[in-house]
Amino acid sequence: MKVLIIEDNVRVSGLLKRGLESQEYQVYISEDAEDALVLLNKITFDLAITDIMLPGMNGIELSRIIKQRHPDLPIIMLTALGTIDEKIEGFDAGADDYMVKPFEIRELYVRIKAILLRKSSKSKEAYSTHLEYHDLKVDKNINRVFRNDKEIILTPKEFKLLVFLMSNAERILTREEIAENVWGNHFDTGTNYIDVYIAYLRKKIDKDFDQKLIHTKPGLGFIFTSQL
């Protein structure tokens with residue numbers, strides 16, 4: 001398991017590194033957000049631990065960027081303050097957990113294990129061969145889609161897009177996330193392919209039904225939900 005620590009206090013980062021290595025984690029250290037983002041583009045990490053007070057870009061801003069680029073990467077946020085407003089801001093930025101300094105290193109071990117266990121459970125769900133949401137059912141084994149027991153015929157790309165939307169139901173997805181996961185890293189986000197395919201899906205998935213499932217969030221992206 002690879003863990004990235006973003007901490008400008010050498011003493012603190014050193015203590016964390018020695019402690020986590022004793023638990024058999026492979027640990028990398030960045031002293032600022034910019035260096036952390038470079039590492040995140042080069043290495044696939046299982047967890048990031050970031051201080052809030054960093055030189056330059058702070059941990060809140062960093063967490064927002066990490067969640068945009070690496071939405072499945074869990075983040076533990078560290079701070080010396082720990083006010084309610086600060087915690088809320090941290091969670092809104094994408095933090096999965098929050099620890100106030102000073103803390104007991106054994107508690108950090110427990111929280112890391114809990115986060116990684118949740119991540120593992122979500123990964124297993126993602127590999128499920130069947131997806132269901134509202135009255136929509138997808139069988140990934142045979143690439144078949146049914147809504148209210150009526151079969152809907154999709155092209156391979158439409159099917160892949162639908163599976164990604166359903167697997168991330170009720171979460172706003174940016175065009176960049178959709179491009180990376182459905183079209184691949186080399187997709188030209190300057191094109192309108194995503195909007196075109198969303199329109200294709202809407203015609204097939206939503207047009208003949210009162211409850212719409214695919215929604216646009218202006219300036220943000222798209223969300224798959226029955227709650228709107």
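These numbers were taken from a predicted model, which means no experiment stands behind them.
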Lys67 and Asp96, any side-chain heavy atoms less than 4.5 Å apart: yes

Worked check of side chain to side chain contact (heavy atoms under 4.5 Å, CB included) between Ile115 and Leu47: CA-CA 9 Å; Ile115 285 175; Leu47 176 76; 4.1 Å; yes

Lys204: salt bridge (charged side-chain N to carboxylate O under 4.0 Å, His left out) partners, not counting sequence neighbours: Glu158

Within 6.0 Å of NZ in Lys137, more than 12 heavy atoms from elsewhere: no

Value rounded to 0.5 Å, distance of CG in Leu4 from CD1 in Ile43: 8.0 Å

Backbone of Tyr98 reached by a side-chain donor or acceptor of Arg111 within 3.5 Å: yes

Arg18 and Ser13: side chain donor to acceptor below 3.5 Å: no

Heavy-atom side-chain contact between His130 and Val138 under 4.5 Å: no

Atom of Leu16, atom of Phe103 and distance for their closest heavy-atom approach: CD2-CZ, 4.0 Å

Heavy-atom side-chain contact between Ile112 and Val3 under 4.5 Å: no

His215 side chain to Phe224 backbone, donor-acceptor under 3.5 Å: no

Hydrophobic cluster membership, Leu161 vs Ile194, 4.5 Å side-chain cutoff: yes

Candidate list Asp210, Asp208, Asp206, test salt bridge (Lys or Arg N to Asp or Glu O under 4.0 Å), partner Arg147, passing option: Asp206

Hphob cluster co-occupancy, Leu73 + Met57, side-chain heavy atoms under 4.5 angstrom: yes

Phe45/Tyr28 aromatic ring centres below 6.0 Å: yes

Shortest non-hydrogen contact between Arg175 and Gly221, atoms and distance: NH1-CA, 4.1 Å

Arg202 (side chain) donor-acceptor with Ile214 (main chain) under 3.5 angstrom: yes

Rounded distance [0.5 Å steps], CG in Leu37 versus CG in Leu62: 5.5 Å

Chi angles and distances behind the side chain to side chain contact (heavy atoms under 4.5 Å, CB included) call for Leu228, Gln211: CA-CA 9 Å; Leu228 298 179; Gln211 178 62 64; over 6 Å; no

Whether Asn58 side chain and Glu61 backbone form a donor-acceptor pair below 3.5 Å: yes

Joint hydrophobic cluster, Leu131 plus Phe159, side-chain heavy atoms closer than 4.5 Å: yes

Side chains of His70 and Asn41 in contact at under 4.5 Å (non-hydrogen atoms): yes

Neighbour count above 12 (heavy atom, 6.0 Å) for Lys212 NZ: yes

Salt bridge (charged side-chain N to carboxylate O under 4.0 Å, His left out) between Glu177 and Arg171, worked out: CA-CA 12 Å; Glu177 286 180 86; Arg171 184 170 76 82; 3.2 Å; yes

Side chain to side chain, Met1 and Gln26, heavy atoms closer than 4.5 Å: no

ILVMFWY cluster, Ile75 and Ile52 together (side-chain gap under 4.5 Å): no

Presence of salt bridge, Lys101 and Glu7, under 4.0 angstrom: yes

Spacing of CZ belonging to Phe146 relative to CD belonging to Glu151, to within rounding of 0.5 Å: 4.0 Å

Side-chain touch Leu173/Phe164, heavy atoms, less than 4.5 angstrom: yes

Minimum-distance pair of heavy atoms, taken over all atoms of Asp8 and Leu54: N-CD2, 4.1 Å

Inter-residue atom distance Ile6.CD1 - Met77.CE, 0.5 Å rounding: 9.5 Å

Exam field: side chain Ser30 to backbone Asp32, donor-acceptor pair closer than 3.5 Å: no

Closest non-hydrogen atom pair, Glu170 against Tyr133: OE2-OH, 2.6 Å

Closest heavy-atom pair and its distance - Ile29, Leu39: O-CD1, 4.4 Å

Separation between CG of Leu162 and CG of Leu201, rounded to the nearest 0.5 Å: 5.5 Å

Close side-chain approach of Leu40 to Arg69, heavy-atom, < 4.5 Å: no

Crowding at CD, Glu24 (>12 non-hydrogen neighbours, <6.0 Å): no

Contact check, side chains of Phe222 and Ile172, non-hydrogen atoms, under 4.5 Å: no

Closest non-hydrogen atom pair, Ile60 against Ala93: O-CB, 3.6 Å

Salt-bridge criterion met for Asp46 and Lys2 (N-O under 4.0 Å): no

Spacing of Ser63 atom OG and Ile76 atom CD1 [to the nearest 0.5 Å]: 11.5 Å

Side-chain donor-acceptor contact under 3.5 Å, Gln68 with Thr174: no

